[in-house]
Every structure is written in C-alpha cells, then in structure tokens.
Amino acid sequence: MRVLVCGGAGYIGSNMTAMLAQAGHEPVVFDNLSKGHRAAVGRARFVYGDLADERLLSDTLNKYAVDAVMHFAAWIEVGESVQFPLRFYKNNFCHARNLLAAMQDAGVDKLVFSSTAAVYGIPQTVPISEDAPTDPINPYGDSKLAVERMLRFQCETGRLRYAVLRYFNACGAGDGRRLGEDHRPESHLIPLVIQAALGKREDVKIFGTDYATPDGTCIRDYIHVDDLCRAHLLALDALEDEPQIICNLGNGTGYSVREVIDTVRAVSGRSFKVTEAPRRAGDPPVLTADASRARTRLRWRPEYTDLAPIVESAWAWHSEHPNGYAE
Ligand code: UDP
C-alpha cells in the first residue's frame, strides 16, 4: 500500500516509515520538520509540508495515489499544552481536521491515528481498558480525544475507516537500533536518565517520591517503538475488515521511576546523580494498559516485555548519537 506518514520525521513516525518500507509498503513522509529530523527519514520519499496547508495535503494524496494515512504529527509536551492550550488545539485538532478534509477530497478512506493514554486522565482503576471513562486533565489529552470523536463521526458518514491507537510510554530505539528518541527539549524519562549516564546532564530528577506506590515513585507502562509500529501495520490490515478500531498499546507491566533509573544504571554501567524533586503537576501515580483488545483483535504480541532490553536499545542509540541526530 502507498501510505502517507504525517510526522514521518519524528520519533515514532520515522520508525514507522522504516517498518512500512520493510514490510513492502511504500511510505511517503509528510513533515514540516518543526520537531522531526530529516536525517531520520532516510531514503523514503519526503514531502516538506505543513498540515495547515490543506491544498498541499490534497495534492500530495492525489500525486502519490495514496491508499492510507498514518498520522503521527502532533505536539506532545503536556506542560506546554497547559501553558498554551490554543496551540495544541490548532496543531493537534485543527490540523487533523484539515487532513480528514483532504482525505475526503482525494477519496482516501483509511487512517491510523496516534492517540494516547492521556485521554483517560486519572484512571479509577488500573490496568486501563478502552472502556474506561475518558476524562483528560490537560489540553494535550483533550486535543487527542477531540480528534478521536471527530474520527468517529466522520466514520459514521461512511467516508472513513480508522484505527485509534492509544499509546502508553513509547521508548527505545527501533529499526535495528538505528532510529532513536531525540526531542528538543527532552522531557521523557528514559532519554533523560540516559543523558545523565552519558554525563550530558548534571542529574536526574525524580518528580515525586511520596506516591502511593511500593517505592513512592510513579509507575508507567513502557512499550518499545518497534512493538508500537508493528501494531500499526496490523491495524492497517485490520481496517480492510473493520471500519473502526480503538486499542490501547502497552505491555501491561508497570515500572517505577526508580526502577527505570536502576535499569539504566545496570545497562550503562555508569553512575550519576539522582535528585528527589517535587511532583510534576498532572502525573497520575500509576498508568498501565490492559491491551487485551489489541492482542485479540489485531493479534498483536509485544516482543519487548522487559524493561532491560528496551533500555539497552535506547542506550545503544544515545551512545552512538550523544548529540542526537545531526541537523
Ligand atoms: N519523570 C521524572 N523525571 C523526569 C521526567 C519524568 O521523574 O525528569 C517521571 C514522570 O513524572 C512520570 C514518568 O517519569 O511519572 C514518565 O514520564 P515521561 O515524561 O517520560 O512520560 P509520561 O508518563 O508523562 O507520558
């Protein structure tokens, strides 16, 4: 299939682009390089463009005779979304609306959409299933949920078949450890701890040590980017038979912040300074996925079920790219 990968120069999008090509599909990357890296796209077809430009989107879908779209292009910083909500509704919601309009014009009816565990807000119970109430507590999660709702209504017109994949904590380096995580500024735990281990940061801060968890720090469900991308390929296939798919993507196993730090210490063999800091606003104590729906409906089986090999892949990439991608 010819697949337009919006945000294909970003962390997950670039991994997806590589996996699509390897699986015999033809990816076309569409990215404005505001957050992504040209070097991560490699030899895939690349269109430099912005999702604000509905005309360019339509032209691209027509020019390359695109069969399906995967949409990764979004802003993801929760703190920034709280400070500047309107930017998030514009980038995440309005641009997704433009994409749907262009798809409708071009008669492209298949979409796989990157959503997030942030649509659940503070869960009442864990692990979280897709039937849990959605109640985002920040503009980032709400902008993603708004897109989910728009997709549902567009699907009901018969013009769209879609898969919503709600990611838990994506991490690791994929495509044979060739494509890693390089956000600027970095805010994600695993790359931050690795940067401290590499001596690129003075310390690692633990945001909150007084949570009601066994070691007092937050627990998250870390899922390798290769496993995430495999679920997208399966979802693309499943859309041939089903018009609407909504699945969580996580391992179901939680690791605390302290466990992540210990794992990086063990994998890297380095020591570094750890500082206990106050809680970060809006962090639920525990977020783990019930991903049984993805297992049954998509026949998805994550290969990285332990944290150590996930961290090893990230460590390998960061050791080779201490300054991230070359610009
Ligand atoms: N975290 C931390 N120190 C940091 C960055 C993150 O203690 O410098 C914690 C954060 O509070 C959360 C977990 O690590 O409990 C994962 O955070 P991340 O930002 O990687 O992903 P999120 O769960 O927010 O999507």
Any non-hydrogen side-chain atom of Arg87 less than 4.5 Å from a side-chain atom of Trp75? yes

Test item: Glu77 side-chain N/O and Gly79 main-chain N/O as donor-acceptor pair under 3.5 Å: no

Taking C-beta and beyond as the side chain, do Gln154 and Leu151 meet within less than 4.5 Å on heavy atoms? no

Charged N to carboxylate O below 4.0 Å: is that the case for Lys200 and Glu186? no

Could Asp182 and Lys35 be called an ion pair, given the rule that one side-chain N must be under 4.0 Å from one carboxylate O? no

Less than 4.5 Å apart, side chain to side chain, heavy atoms only: is that true for Phe30 and Leu56? yes

Test question: given the 4.5 Å side-chain rule for I, L, V, M, F, W and Y, name all other residues clustered with Ile245, or answer none. Met1, Val3, Val5, Tyr11, Ile12, Met16, Met19, Leu20, Met70, Phe72, Val112, Leu165, Tyr167, Ile223, Val225, Leu228, Leu233, Leu234, Leu236, Leu239, Leu249, Leu298, Trp300

Heavy-atom donor-acceptor pair, Asn98 side chain to Asp53 backbone, under 3.5 Å: no

Apply the test side chain to side chain contact (heavy atoms under 4.5 Å, CB included) to residues Leu57 and Leu99: give CA-CA distance (whole Å), side-chain angles for both, the deciding distance (0.1 Å), then the verdict. CA-CA 7 Å; Leu57 275 170; Leu99 178 60; 4.0 Å; yes

Give a yes or no on whether the backbone of Pro85 and the side-chain of Ser81 come within a donor-acceptor separation of less than 3.5 Å. no

Considering all heavy atoms of both residues, which atom of Asp215 and which atom of Ser256 are nearest to each other, and what is their separation? OD2-OG, 2.6 Å

Starting from the C-alpha separation in whole Å, work towards a yes-or-no answer on side chain to side chain contact (heavy atoms under 4.5 Å, CB included) for Arg45 and Val47. CA-CA 7 Å; Arg45 269 205 187 104; Val47 177; over 6 Å; no

Determine whether a donor-acceptor pair (N or O, by modelled atom type, separation under 3.5 Å) exists between the side chain of Asn32 and the backbone of Gly49. no

Provide the closest heavy-atom pair for Val29 versus Ala9 in the form atom of the first, atom of the second, distance. CG1-N, 4.0 Å

Can you check whether His71 reaches Leu4 side chain to side chain, under 4.5 Å on heavy atoms? no

Check the pair Glu259, Arg220 against salt bridge (charged side-chain N to carboxylate O under 4.0 Å, His left out), reporting the backbone distance first and the verdict last. CA-CA 10 Å; Glu259 285 174 319; Arg220 293 289 179 271; over 6 Å; no

Residue among His318, His37, His183 satisfying ring pair (Phe, Tyr, Trp, His ring centres under 6.0 Å) with Tyr325: His37

With the side chain counted from C-beta on, respond yes when Glu242 and Arg297 share a heavy-atom pair under 4.5 Å apart, and no when they do not. yes

Would you sort out whether Asp142 and Tyr89 count as a side-chain hydrogen bond (donor to acceptor under 3.5 Å, both in side chains), showing the intermediate values? CA-CA 8 Å; Asp142 197 50; Tyr89 289 101; 2.7 Å; yes

Donor-acceptor pair, distance only, cut-off 3.5 Å: does the side chain of Asp283 make one with the backbone of Phe207? no

Minimum heavy-atom separation for Pro123 to Pro284, with atom names? CD-CB, 4.1 Å

Are Gln244 and Val164 close enough that some pair of their side-chain heavy atoms sits under 4.5 Å apart? no

I'd like to know if the side chain of Asn138 reaches the main chain of Gly141, judged simply by a donor and an acceptor atom lying under 3.5 Å from each other, with no hydrogens or angles considered. yes

Of all heavy-atom pairs between Glu130 and Tyr120, which one has the smallest distance, and what is that distance? CA-OH, 3.3 Å

Does the side chain of Arg152 come within less than 4.5 Å of Tyr162's, by heavy atoms? yes

Has the side chain of Asp221 got a donor or acceptor atom that lies under 3.5 Å from a matching backbone atom of Gly252? yes

Taking side chain as C-beta onward, heavy atoms only, is Lys110 less than 4.5 Å from Glu240? yes

When you check the gap from the basic side-chain N to the acidic O, do Arg201 and Asp203 get nearer than 4.0 Å? no

Counting only N and O atoms by type, is there a donor-acceptor contact under 3.5 Å from the side chain of Ser313 to the main-chain atoms of Arg177? no

Keeping Asp290 on the side-chain end and Ile128 on the backbone end, is there a donor-acceptor pair under 3.5 Å? no

Hey, does the side chain of Lys144 reach the backbone of Ala74 with a donor-acceptor pair shorter than 3.5 angstrom? no

Passes salt bridge (charged side-chain N to carboxylate O under 4.0 Å, His left out), Asp210 versus Arg279? Steps please. CA-CA 8 Å; Asp210 58 349; Arg279 291 182 177 200; 2.9 Å; yes

May I ask you to list the residues sharing a hydrophobic cluster with Tyr255, side-chain cutoff 4.5 Å, ordered by chain and number? Leu189, Ile190, Val193, Ile194, Leu198, Val204, Ile206, Tyr222, Val257, Val260, Ile261, Val264, Val267, Phe272, Val274, Leu307, Val311, Trp315

Check the pair Leu61 / Arg2 against side chain to side chain contact (heavy atoms under 4.5 Å, CB included), numbers first and verdict last. CA-CA 10 Å; Leu61 292 169; Arg2 186 70 68 77; over 6 Å; no

For a side chain to side chain contact (heavy atoms under 4.5 Å, CB included) check, start with the C-alpha distance between Asp306 and Asn251, then their side-chain angles and the critical distance, and finish with the verdict. CA-CA 9 Å; Asp306 289 331; Asn251 269 308; over 6 Å; no

Please say whether more than 12 non-hydrogen atoms of neighbouring residues, nucleotides or ligands are located less than 6.0 Å from CZ in Arg299. no

If you draw a 6.0 Å radius around CZ in Arg55, do more than 12 non-hydrogen atoms from other residues or ligands fall strictly inside? no

What one should report as the nearest heavy-atom pair of Glu54 and Ala101 is OE2-CB, 3.4 Å

Would Ile246 end up clustered with Leu160 when hydrophobic side chains under 4.5 Å apart are linked, directly or stepwise? yes

Atom of Ser14, atom of Leu179 and distance for their closest heavy-atom approach: O-CD1, 3.5 Å

Fit a plane to each ring of His321 and Trp317, take the angle between them on a 0 to 90° scale, and name the class: parallel (under 30°), tilted (30 to 60°) or perpendicular (over 60°). parallel

Among all residues two or more places apart in sequence or in another chain, which pass the ring-ring contact (aromatic ring centres under 6.0 Å, His included) test with Tyr64? none

